[in-house]
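Atoms within each ligand, like the ligands themselves, are counted from 1 in listed order. On a predicted model such as this, the values are computed, not experimentally measured, just so you know.
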Amino acid sequence: MPAMRVVVLVSGGGTNLQSLLDAGRSGALGPAAIVGVISSRPGVRALDRAVAAGVSARVLDHRAFADRAAFDAALKSEVQSLGADLVVLAGFMRVLTEGFLFGFEDRVINIHPSLLPAFPGVRAPAQALQHGVKISGCTVHFVDAGVDTGAIIAQAAVPVLDGDTEETLQARILVEEHRLLPAVVASLAAGGFRREGRRVHRVP
Ligand code: GAR
């Protein structure tokens, strides 16, 4: 029985999921183990990655539900049935409601491709280019009911280069995402963070 059961929520390609699966296999997640993957969309590559790793993979198609509350209630019961201690949003393109988050305080995290609070929401690398910033990166944060507004756990920066396109900047950021997300999960499993309001401190 792993000390921390991790359920990963996905909607797409799942390269961040892959980085977690690889870290789990190599022992880099410490006492954390990926016990399930749930996708809000059918037919995505992330599901193939879970199956290839021998991890339980389920689809909960958000289009089959009348509203966000109904989807979140079903999602919560799936997550609970997997015995999740930690829920990781890895390219999960849905905003969770208070109904989902109630009872999961400080146990849901998200990875976002910008240095929050800059550029929340969709297509963050495109937003960064539109604003002409010279540094961007990625953020892992606790999830609240806002859009990418929860307390920040860790960040990694990358340069924005002349001639960058949305794709080249996104690819540079993804390299850092794949390093940062497993490191944060391992640290959380080891009790390495303590939140005080909006500030998250490392436990020495
Ligand atoms: C990642 O860049 C992740 O940060 C982003 O979607 C991508 C998913 O890639 N998430 C968001 O923009 C959430 N607001 P992946 O499916 O290959 O991990």
Side-chain angles (χ1 to χ4, degrees), residues 6-25 28-29 34 36-53 55 57-62 68 71-72 75 86-97 100-101 108-131 133 135-160 164-185 188:
V6 181
V7 171
V8 185
L9 306 188
V10 297
S11 303
T15 65
N16 278 291
L17 168 65
Q18 191 67 56
S19 74
L20 291 168
L21 293 168
D22 292 346
R25 189 174 311 120
L29 287 187
I34 314 297
V37 172
I38 303 173
S39 174
S40 63
R41 290 184 193 145
V44 295
R45 175 107 170 80
L47 289 163
D48 303 334
R49 296 178 190 274
V51 170
V55 171
R58 306 173 189 189
V59 177
L60 207 60
D61 191 340
H62 65 91
R68 283 174 66 204
F71 174 73
D72 275 17
L75 182 63
L86 179 72
V87 178
V88 178
L89 277 50
F92 183 68
M93 293 310 201
R94 310 284 308 162
V95 177
L96 295 172
T97 58
F100 181 92
L101 294 169
V108 185
I109 66 171
N110 178 47
I111 180 122
H112 181 76
S114 76
L115 295 176
L116 291 171
F119 317 135
V122 297
R123 297 186 62 194
Q127 295 184 55
L129 290 175
Q130 265 161 19
H131 282 80
V133 296
I135 297 171
S136 191
C138 55
T139 302
V140 180
H141 62 93
F142 286 117
V143 172
D144 62 16
V147 178
D148 303 319
T149 50
I152 291 169
I153 303 170
Q155 295 184 305
V158 304
V160 180
D164 260 344
T165 62
E166 181 178 358
E167 289 72 29
T168 60
L169 178 56
Q170 190 165 26
R172 193 174 308 116
I173 294 171
L174 260 183
V175 172
E176 292 304 314
E177 292 187 38
H178 297 160
R179 193 186 53 74
L180 192 66
L181 185 58
V184 168
V185 170
L188 281 168

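Atom CD of Glu177 sits about 4.5 Å away from atom CD1 of Ile111, to the nearest 0.5 Å. Summarising the geometry, atom CD1 belonging to Ile38 is positioned 6.0 Å from atom CZ belonging to Arg58; distances are rounded to the nearest 0.5 Å. Atom CG of Leu20 and atom CZ of Arg25 lie 12.0 Å apart (nearest 0.5 Å). Rounded to the nearest 0.5 angstrom, His112 NE2 and Asp148 CG are separated by 4.5 Å. Taken from CZ in Phe92 to CG in Asn110, the straight-line distance is 10.0 Å, to the nearest 0.5 Å. Interatomic distance, Arg49 CZ to Ile34 CD1, rounded to the nearest 0.5 Å: 13.5 Å.
Nearest protein neighbour of atom 17 (O) of ligand 1, counting heavy atoms only, is Thr15 OG1, 2.6 Å. At the shortest separation from atom 9 (O) of ligand 1 among protein heavy atoms lies Asn16 ND2, 4.0 Å. Counting protein heavy atoms only, atom 16 (O) of ligand 1 is closest to Gly14 N, 2.8 Å. Distance from atom 8 (C) of ligand 1 to its nearest protein heavy atom, with residue and atom name: Gly91 CA, 3.6 Å. With respect to atom 2 (O) of ligand 1, the closest heavy atom belonging to the protein is Glu177 OE2, 2.9 Å.
Using a 4.5 Å cut-off on side-chain heavy atoms (C-beta onward), Asn16 and His178 make contact.
Distances shorter than 4.0 angstrom do not occur between any heavy atom of Arg123 and any atom of ligand 1. For Pro113, the heavy-atom gap to ligand 1 drops under 4.0 angstrom. Taking a 4.0 Å cut-off on heavy atoms, Ala124 fails to register as neighbouring ligand 1.
Inclusion of Leu174 in the set of residues having an N or O under 3.5 Å from an N or O of ligand 1 is not warranted. At least one N or O atom of His112 sits closer than 3.5 Å to an N or O atom of ligand 1.
Interface atoms of ligand 1 facing Gly13, defined by a heavy-atom separation under 4.0 Å, are 16 (O). Below 4.0 Å from some heavy atom of Met93 lie the following atoms of ligand 1, by number and element: 6 (O), 10 (N), 11 (C), 12 (O), 13 (C).
Between Phe119 and His131, the ring planes lie tilted relative to each other; the angle falls in the 30° to 60° range.
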